[in-house]
Protein chains: 2
Amino acid sequence: MEPAFERAYPGTRKARKRQVLSCALACFDEMGVDAVTIDTIRERSGSSIGTIYHHFGNKEGLAAAIYLAGLDDQQAWFETALGDAKSIQEAVTAWVRAYLEWVVANPQLARFMYHSRRVVAAGTSKDQLKGRNDKRYGALLQFLETGLASGKVRSLPRETYASLLIGQAENYCRAWLSGRVPTPPTEHIDVFAGAAWRAIAADADQQKE
Amino acid sequence: MEPAFERAYPGTRKARKRQVLSCALACFDEMGVDAVTIDTIRERSGSSIGTIYHHFGNKEGLAAAIYLAGLDDQQAWFETALGDAKSIQEAVTAWVRAYLEWVVANPQLARFMYHSRRVVAAGTSKDQLKGRNDKRYGALLQFLETGLASGKVRSLPRETYASLLIGQAENYCRAWLSGRVPTPPTEHIDVFAGAAWRAIAADADQQKE
DNA sequence: TCTTGTTCTAGAATAATATTCTGTTATTGG
DNA sequence: CCAATAACAGAATATTATTCTAGAACAAGA
């Protein structure tokens, strides 16, 4: 059972709900969201139509529940990641590492979330998503500000930093999850942490100290 | 009418087919693939159920036709992009520029393709997709080999180069297409071309000349 | 120009699927 | 123990995808 679902819906009372979530995720992952029928999920989870609709309202609600549980799990994962970082470079490395490790630890969920952001974004309030996202990036932003002030970080359009930091790693994770490359992202932590740092680091001769 | 569809299905005889493709893409883009019904597309395109199924077989076939037309259009776009590049750095810059410009020129198609790779990958033969992809990256690979030999390019795991080159730009394009950042990617060509080059460039003291 | 086979168009008929509804059974709080 | 609420189940209904049949437009050879 995925830790994300245990976290989102704990207790024996919610066991059936978790069971449905887990089976639905497996189905979505194997066949793609819109190829999966409610009846397939019902059969695989040993549940019933009524139960599924009671818990999730409709198919989109089911997808949204999976997505939001995944988002919360990621957030919890990241919250500990930056714990003891002393410098911006350490923070970036820890961040990239946490990103790659979460994907490798939750491949089905990661694949689903990459492909379904849109589905959920439509149904959920934007504020809710934005709030969670801010929390995810919050700690890193502090380091970034400091780094900018000290000249360690290259001055670039604000809106591009997130892409520069995580884009390469994300692209590789997508490739791995879809089988286009064989090596798990975690084996390239150094590569992607290094690339992220070089993407935002100032040139050597521009640093102040 | 999208150039991609004119290219894929030229001639007056295929006008209806293009019309359906274009309307379907607009519907998919506005409502998400699985929220769109065949009847919506029929109504919007002023066509008929029979016509749609005659041309595309089923809904997935319609999505696949859009995807493959987009892929061919991208490929044609890229084929001219590297034309007069003299060095690996110029090639990387031209490549990133072409990538960003295509996305900005074809936002609906780009959004659709980012979200539907999986849908199509299932239905289409992998060789077909791989062949097209190889062709897309082919010219750039030549430069990469040369750059590696001369020491201009950092030695890294082969499978990571593609992600290092295009990951940041792709991430920003996705963010722009989903409204999370306001500025069109083409206004940050320098940022992303520079980042791509720094991601794969060897450190100054490691170059041979 | 006719005619013959093919492609395109159309919409009614059917099949598959999502969702609602009604009733039953467990669980919790008082 | 007794409501009140949540969970569960599956039949009934509504929505949507797909198939089927048939006519219209078209291309190419006689």
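Convention: sequence-line order gives letters A, B, ...; per-chain numbering from 1.
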For the pair made of [atom1] in [X] and [atom2] in [N], what is the distance, rounded to whole Å?
X: Y53(A); N: dC8(D); atom1: OH; atom2: P; answer: 16 Å
X: M31(B); N: dT16(D); atom1: CE; atom2: P; answer: 10 Å
X: D34(B); N: dA17(D); atom1: CG; atom2: P; answer: 10 Å
X: H54(A); N: dT27(C); atom1: NE2; atom2: C1'; answer: 12 Å
X: D39(A); N: dA9(D); atom1: CG; atom2: P; answer: 14 Å
X: I38(B); N: dT17(C); atom1: CD1; atom2: P; answer: 15 Å
X: K17(A); N: dA7(D); atom1: NZ; atom2: P; answer: 7 Å
X: I41(B); N: dA17(D); atom1: CD1; atom2: P; answer: 8 Å

- Determine the interplanar angle of the F28(B) and F112(B) rings, folded into 0 to 90°, and report it as parallel if under 30°, tilted if 30 to 60°, perpendicular if over 60°.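 Correct class here is parallel.
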- Distance check: side-chain N/O of K14(A) vs OP1/OP2 of dA7(D), anything under 4.0 Å?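 For K14(A), the contact criterion (side-chain N or O under 4.0 Å from OP1 or OP2 of dA7(D)) is met.
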- Query: Side-chain N or O of H55(B) less than 4.0 angstrom from OP1 or OP2 on dT9(C)?
  - Reply: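 Affirmative; the distance criterion is met.
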When you measure from the side chain of [X], which nucleotide among [options] comes out closest?
X: R16(B); options: dT9(C), dC8(C), dA9(D); answer: dT9(C)
X: S48(A); options: dA18(C), dT18(D), dG10(D); answer: dG10(D)
X: T51(A); options: dA9(D), dA7(D), dA11(D); answer: dA9(D)
X: T37(B); options: dT16(D), dA9(D), dA18(C); answer: dT16(D)
X: R13(A); options: dT28(C), dC8(D), dT20(C); answer: dT28(C)

- Side chain T160(B), main chain P157(B), donor-acceptor under 3.5 Å: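 Yes.
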- Between the main-chain N or O of W102(A) and the side-chain N or O of N106(A), is there a donor-acceptor pair closer than 3.5 Å?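 Judged by distance alone, yes, a pair lies under 3.5 Å.
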- Determine, using ring centers only, whether F78(B) and W95(B) are less than 6.0 Å apart.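 Centroid separation for W95(B) and F78(B): below 6.0 Å.
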- Item | Audit row: E145(A), R158(A), salt bridge (charged side-chain N to carboxylate O under 4.0 Å, His left out) steps and yes/no | CA-CA 10 Å; E145(A) 295 295 345; R158(A) 285 302 169 102; 3.0 Å; yes
- Using a cut-off of 4.0 Å on non-hydrogen atoms, how would the nucleic acid contact of V36(A) be classed: base, sugar-phosphate, or nothing?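 The answer is sugar-phosphate, as V36(A) gets under 4.0 Å only of primed atoms, P, OP1 or OP2.
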